[in-house]
S.K.: 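Let me begin by handing over the structure; questions about it come next.
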Amino acid sequence: MSLAVGAQLTLFPATLRVLRGDEARFTCSATNSRWTVMVWLLNSRAELTISRENGALPSINPNVTAEKSPASQGDSWMLVLKSAERHNQGEVTCDLQGIATKSASLFVQEKGSVKIFGDDKLAFKGQSVLFECAAAGWFPRPKLQWQVNGKKTSEGEYNISSEGSEKSLYTVTSNLTVTAVVSSRVDCLASVSALPVPLKSSTQLTVVAEVVQEGDDCTVPLAVTASLSALLLLVLLCICTVLCYRQRRESKASPQEAIRFDPSVFGMSSGAQVAGGMVNLGYSNESTTDAAYKEINLETHSQMDFVSFHKVPDVVSSSSLSLHNEAQIQLCLTEESSKPVRRITTV
């Protein structure tokens, strides 16, 4: 008979875990309409009394209230703890006076803090980097995990130590060693069962590449090598610029100097050489209108002031002489003082 009556009472949930300061709710439903008084007890201490006819009676504990639950069949009442405290943890009992009793378990947990010590880290590729994390002020002892780029590390890759007892708050510390391969985000996570999402502390590991010179223990950073290469390229560019400038300067020789040293100016044309004579450099063609030819004629006269010829052979006219030589060259030749001066004209 008692089993049948007991089946007419339900208490939900059977186990509840909440964080300290959060609200806790338990629902007690009675399908037996013969009950008159419902009593709620916390750790065997009566906290709230409900009358089937008059409803919830005033409670001496302002943190405990009752609400009618319309969603459940039969007579259902909800016990509400506005702010769960550590001393509320334990057994929660719904007692239908003289009919049935049901109990559930309440666990009140503490949420602490979690932090990775130190700032972001910088390391060369292949170097081992140590990370330290502490989760302080938790109850019960929190579960601590590491993640690298969002991937959980195995428990064998880090160690854990803790301090505290059942009635005090726990502090858990852990060390993780990571081999620098690529730049990564490192996370330390701490949680208890009542916490929906673990608390997380993050730091950044930046991996720097390096260049190792064979046969030498010296390592040269990649940035220094790039700077030296750029400097060498700049020097080569400057040298090429100077060489090109000098070549252009040398290629722009004076036209007057080129003509002044032209063998044709001094009558060394093919026609004169064949005849065995010299060209009359004093001849001037009045029909020439080119100013450049006149300038050459004047310069040629100045040059002949320092030139003397000991012998003037006969001049033979040659049809192979160019019209250009006939138009631009006229020179006066002076013989030795004992010989007469001849004026020779090349036709």
S.K.: Hydrophobic clusters here meaning ILVMFWY residues chained together by side-chain heavy-atom distances under 4.5 Å, can you tell me if Leu79 and Leu16 are in one?
M.R.: yes

S.K.: For Phe139 versus Gln89, what's the shortest heavy-atom pair and its separation?
M.R.: CE2-OE1, 4.2 Å

S.K.: How close do Leu11 and Cys94 get, heavy atom to heavy atom, and via which atoms?
M.R.: CD1-CB, 4.2 Å

S.K.: Could you state the interatomic distance from CG (Leu48) to CG (Leu41), rounded to the nearest 0.5 Å?
M.R.: 10.0 Å

S.K.: Within a strict 4.5 Å, meaning less than it, do heavy atoms of the Leu42 and Val92 side chains meet?
M.R.: yes

S.K.: Pick out which of Thr153, Leu130, Leu205 makes a side chain to side chain contact (heavy atoms under 4.5 Å, CB included) with Val178.
M.R.: Leu205

S.K.: Can you find a pair of side-chain heavy atoms, one from Lys68 and one from Trp77, that are under 4.5 Å apart?
M.R.: yes

S.K.: Grab the two heavy atoms, one from Phe26 and one from Ala104, that are nearest each other, plus how far apart they are.
M.R.: CE2-CB, 3.7 Å

S.K.: Should Trp146 and Val129 be regarded as members of a common hydrophobic cluster, given that ILVMFWY residues are connected when their side-chain heavy atoms come within less than 4.5 Å of each other, either directly or indirectly?
M.R.: yes

S.K.: Hey, is the main chain of Asn175 close enough, under 3.5 Å, to the side chain of Asn159 for a donor-acceptor pair?
M.R.: yes

S.K.: May I ask you to check whether Ser105 and Thr15 show a side-chain donor-acceptor distance below 3.5 Å?
M.R.: no

S.K.: Which heavy atom of Tyr158 sits nearest a heavy atom of Leu144, and at what distance?
M.R.: OH-O, 3.7 Å

S.K.: Hey, does Gln97 have a side-chain heavy atom less than 4.5 Å from the side chain of Thr49?
M.R.: no

S.K.: Report the distance from atom CD of Glu23 to atom OG of Ser83, rounding to the nearest 0.5 Å.
M.R.: 9.5 Å

S.K.: Under a 3.5 Å distance rule, please check whether Gln204 uses its side chain to pair with a backbone N or O of Lys121 as donor and acceptor.
M.R.: no

S.K.: Quick one: does any side-chain atom of Asn149 pair with a main-chain N or O of Arg185 as donor and acceptor, under 3.5 Å?
M.R.: yes

S.K.: Contact between Trp35 and Asp75 at the side-chain level, heavy atoms closer than 4.5 Å - yes or no?
M.R.: yes

S.K.: So, for Leu176 and Glu157, which heavy atoms are closest and what is the spacing to 0.1 Å?
M.R.: CD1-O, 3.5 Å

S.K.: Passes side-chain contact (heavy atoms from CB on, under 4.5 Å), Leu81 versus Leu106? Steps please.
M.R.: CA-CA 11 Å; Leu81 285 175; Leu106 172 65; 3.8 Å; yes

S.K.: Please find the pair of heavy atoms, one from Ser174 and one from Ile160, that lie closest to each other, and give the distance.
M.R.: OG-CG1, 3.9 Å

S.K.: Remaining members of Phe117's ILVMFWY cluster at a side-chain heavy-atom cut-off under 4.5 Å?
M.R.: none

S.K.: Please step through side chain to side chain donor-acceptor pair (under 3.5 Å) for the pair Thr93 and Ser103, ending with a clear verdict.
M.R.: CA-CA 4 Å; Thr93 303; Ser103 296; 3.0 Å; yes

S.K.: In terms of hydrophobic clusters joined by side-chain contacts under 4.5 Å, are Tyr170 and Leu19 together?
M.R.: no

S.K.: SG/Cys28 to CG/Asp95 distance, rounded to the nearest 0.5 angstrom?
M.R.: 9.0 Å

S.K.: Under a single-linkage rule joining Ile, Leu, Val, Met, Phe, Trp and Tyr whose side-chain heavy atoms are separated by less than 4.5 Å, which residues share a cluster with Val182?
M.R.: Val181

S.K.: Calculate, to the nearest 0.5 Å, the distance between atoms CD1 and SG belonging to Ile239 and Cys244 respectively.
M.R.: 12.0 Å

S.K.: With a 4.5 Å cut-off on side-chain heavy-atom distances among I, L, V, M, F, W and Y, is there a chain of contacts connecting Leu199 to Val192?
M.R.: yes

S.K.: Among pairs that include at least one residue of residues 103-142, which meet disulfide bond (SG atoms under 2.5 Å apart), considering only residues two or more places apart or in two chains?
M.R.: Cys133-Cys188

S.K.: Let me check something: do Val172 and Trp138 share a hydrophobic cluster, defined by ILVMFWY side-chain heavy atoms less than 4.5 Å apart, either directly or through other members?
M.R.: no

S.K.: Please check this pair: side chain of Thr206 against backbone of Leu122, looking for a donor-acceptor N/O pair closer than 3.5 Å.
M.R.: no

S.K.: With no hydrogens and no angle check, is any side-chain donor or acceptor of Thr203 less than 3.5 Å from a backbone partner on Val186?
M.R.: no

S.K.: At what distance, to the nearest 0.5 angstrom, does CE of Met38 lie from OG of Ser29?
M.R.: 7.5 Å

